[in-house]
Every structure is written in structure tokens, then in C-alpha cells.
Amino acid sequence: MIQTKADLDLAICLVFDSKDPDSDALFAFLNRTLKQFRLSQAYEARDILVEAYTRGVKQIEAGTPIRSLFPWFRRVSFNIILE
């Protein structure tokens, strides 16, 4: 569970730097979704994750922890792409 900004900072570093299966699956999902909505020329998966990180900071500052990191990133990132 991610309850502080420091926890989220560490988690986002792991997402960007790591080659673990969850991270790879998240990037594959984002790239596939961007292509599906024909936004892959305008945005990259990293752009979406940076915006999701910003929203995560706001959520934590509001007092709501992030319970499961990768499902949360996936859901929030999909909503960002829809917007």
C-alpha cells in the first residue's frame, strides 16, 4: 500500500527503471491503448504515466492511499487516455 509521496516516488522509479513483468505489462497495455484510440503519434506511455503520477500525488495528499500500484496505474492511465 502506498501512503506517502516518498512511497509513490520509489514506486514510479521502479516502474520506469525496472524490467519486471508487471512493468512490461503496464507499458504494453498503455501502448496498445494509445494505438487503439489513435493517439500513439501524439503521446507516449511515459507521458501518460507522468500524468498518472501527478494524480497519485494529489490522491495521497488528500489522504487516500493507493492500495495496489499496478492496477491503480492501469485504471488511472486508461482514464487519462479517454480524456
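Residue numbers count from 1 along this sequence.
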Discussion item. Side-chain heavy atoms nearer than 4.5 Å, only ILVMFWY residues, links allowed to pass through others: does that put Leu14 and Val57 together?
Written reply: no
Practice prompt. Check the hydrophobic clustering (I, L, V, M, F, W, Y; side-chain heavy atoms under 4.5 Å; chains of links allowed) and say if Val50 and Ile48 are grouped together.
Written response: yes
Worksheet item: With a cut-off of 6.0 Å (strictly less than), are more than 12 heavy atoms of other residues, nucleotides or ligands near CZ of Phe27?
Response: yes
Item to complete: Check whether more than 12 heavy atoms from other residues, nucleotides or ligands sit under 6.0 Å from atom CD of Gln41, and answer yes or no.
Response: no
Do [X] and [Y] come close enough that some side-chain heavy atom pair is under 4.5 Å?
X     : Y     : answer
Leu30 : Ile81 : yes
Leu26 : Leu49 : yes
Tyr53 : Asp9  : yes

Worksheet item: Between Leu34 and Glu44, which heavy-atom pair has the shortest distance, and what is it?
Response: CD1-C, 3.8 Å
Worksheet item: What pairs with Arg55 under side-chain hydrogen bond (donor to acceptor under 3.5 Å, both in side chains), at least two apart in sequence or on another chain?
Response: Glu51, Glu83
Donor-acceptor pairs under 3.5 angstrom involving side-chain atoms of residues 58-75: please list them, not counting sequence neighbours.
unit_1 : atom_1 : unit_2 : atom_2 : d
Gln59  : OE1    : Trp72  : NE1    : 3.0
Gln59  : NE2    : Pro65  : O      : 3.4

Item to complete: Using modelled atom types only, decide if a donor and an acceptor are shared between the side chain of Asn31 and the backbone of Ala28 within a distance under 3.5 Å.
Response: no
Worksheet item: Is there a donor-acceptor pair under 3.5 Å between the side chain of Ser23 and the backbone N or O of Val15?
Response: yes
